[in-house]
Amino acid sequence: MSTGPLHVPVMLNRCLDVLAPALTDPGAVVVDATLGLGGHSEAMLLRFPEARLVAVDRDPQALRLAGERLAPFGERATLVHAVYDEIPGVLADLGIDRVQGILFDLGVSSMQLDEADRGFAYAQDAPLDMRMDQTTGISAAEVLNTYSHGDLARILKVYGEERFAGKIASVILREREKEPFSNSARLVELVRNAIPAATRRTGGNPAKRTFQALRIEVNRELTVLERAIPNALDVLAVGGRIAVMSYQSLEDRLVKQCFAAGAASTAPPGLPIVPEEHQPRLKLLTRGAEQATEQEIAENRRATPVRLRAVERIRPALD
């Protein structure tokens, strides 16, 4: 698979602009927490010629392809097989105490969507895998074939925000007794038939929410993200910046809450002077969540749901 024109990084220029004030000094370190095919990483290395890149990804195939793309940058780029909540350990292993920039591009990567045999896309029949790292963990098929009705309904409702979670879960349990699930086309058809016709006529493919829920469960995405953002803030230097792109409301809500907490005073109300230990640690750099422009969406339809939030560390972390 080529890493060329197939891959159009989402909100590339805006991400570079928001990180730029932290990455101009020699020796600055920037972390690409979600390397993917390396489009954002390549652009950061070009835009900030004095910076060093540390990039992580849980997908070995992504690391291989991005490694080919970033090879011309030599020792300026260090690629590590890891999940993004493991960034503090990755940096410690490299002898790096603090970094000046971190970029998160959450969700499923372009490569994972485009490779049919990964099972992420509901528009084409494929094995129900959905693991970002196919060397570990359980597949989507295992979830469908082994989870209880209650657990299936829960993940569909919470992670997929699916109104008909209980009904879909009931159909899954009934159908798996006839034959275990293995491929995506059967699941797509099942979900379509389980949802009322009036609902099917709006909102795109009715299987979208079920596939999102399975992907989040298989990869433990929200659990990982809950750890990843605080961990990233812990290794961010004063003056350093973090930019996070989310693609669905559950991710964006977690990021918003974490950033808002860091940007708020923790002092009791009414104090005439706020002690240093209660001062905000972060400054919000985006007003709410920024969205892609019409031109960006025209160039890359996967930018349609993106929400960008960014912060700057303005005080050291509390001990």
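As a basis for the values below, the full set of heavy atoms in this structure was taken, side chains included, without hydrogen atoms, waters or symmetry mates. For reference, positions follow the sequence shown, starting with 1. Keep in mind it's a predicted model, so treat the numbers as computed, not measured.
The hydrophobic cluster containing L12 does not contain I297, counting ILVMFWY residues as joined when their side-chain heavy atoms lie under 4.5 angstrom apart, directly or transitively. Hydrophobic clustering keeps V238 apart from V311 (ILVMFWY residues linked when any side-chain heavy atoms are closer than 4.5 Å, directly or through intermediates). L284 and I314 end up in different hydrophobic clusters when Ile, Leu, Val, Met, Phe, Trp and Tyr side chains are linked at under 4.5 Å.
For the residue pair A213 and Y159, the shortest heavy atom distance occurs at CA-CB, 3.7 Å. Annotation for A292 and A303: closest pair CB-O, 3.6 Å, computed over non-hydrogen atoms. Scanning both residues, G101 and L23, for their nearest heavy atoms gives N-CD2, 3.9 Å. Of all heavy-atom pairs between R47 and A20, the closest is NH2-CB, 3.9 Å. Residues L35 and A66 share a closest heavy-atom pair of CD2-CB, 3.5 Å.
When only modelled atom types and interatomic distance are considered, D133 and H81 share a side-chain donor-acceptor pair under 3.5 Å. The closest side-chain donor-acceptor pair between S139 and D129, if any, does not fall under 3.5 angstrom. Under the 3.5 Å distance criterion, with hydrogens and angles disregarded, a donor-acceptor pair is assigned to the side chains of E217 and Y147.
The only option from R58, R227, R220 that meets the salt bridge (charged side-chain N to carboxylate O under 4.0 Å, His left out) definition with D85 turns out to be R227.
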- Item | Candidate pair L103 and C15, rule side chain to side chain contact (heavy atoms under 4.5 Å, CB included), full reasoning | CA-CA 8 Å; L103 175 66; C15 289; 3.9 Å; yes
- Message: Run D25 and E50 through side chain to side chain contact (heavy atoms under 4.5 Å, CB included) and show every step you take.
- Response: CA-CA 7 Å; D25 292 338; E50 300 294 331; over 6 Å; no
- Item | side chain to side chain contact (heavy atoms under 4.5 Å, CB included) between V143 and I155, worked out | CA-CA 10 Å; V143 171; I155 67 170; 4.0 Å; yes
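Judged by distance alone, the side chain of N219 and the main-chain N or O of M130 form a donor-acceptor pair under 3.5 Å. Panel note: side chain D59, backbone Q61; a donor-acceptor pair is recorded below 3.5 Å. Under a 3.5 Å cut-off, the side chain of E189 and the backbone N or O of R186 do not form any donor-acceptor pair. Counting only distance, with no hydrogens or angles, the side chain of H40 and the backbone of V10 share a donor-acceptor pair below 3.5 Å.
With respect to R315 and E276, a salt bridge is recorded, a charged nitrogen being found less than 4.0 Å from a carboxylate O. Ion pairing between E162 and K157 fails under the 4.0 Å rule for side-chain N and carboxylate O. Ion pairing of R209 with E161 is absent here, as no side-chain N (NZ or NE/NH1/NH2) approaches a carboxylate O to less than 4.0 Å. By the 4.0 Å N-to-carboxylate-O rule, K178 lies close enough to E175 to be salt-bridged with it. A salt bridge does not link D57 to R64: none of the charged side-chain nitrogens sits closer than 4.0 Å to a carboxylate oxygen.
Taking the ring axis of Y247 as reference, the NZ or CZ atom of R307 does not stay both within 45° of it and closer than 6.0 Å to the ring centre.
Taking the side chain to side chain donor-acceptor pair (under 3.5 Å) definition, one finds that T24 meets it with nothing, sequence neighbours left out. Residues satisfying the side chain to side chain donor-acceptor pair (under 3.5 Å) test with Q257, not counting sequence neighbours, are none.
Contact of the L187 side chain with the T210 side chain is registered, since non-hydrogen atoms from C-beta on lie closer than 4.5 Å.
Other residues, nucleotides and ligands place no more than 12 heavy atoms under 6.0 Å from the CD1 atom of I273.
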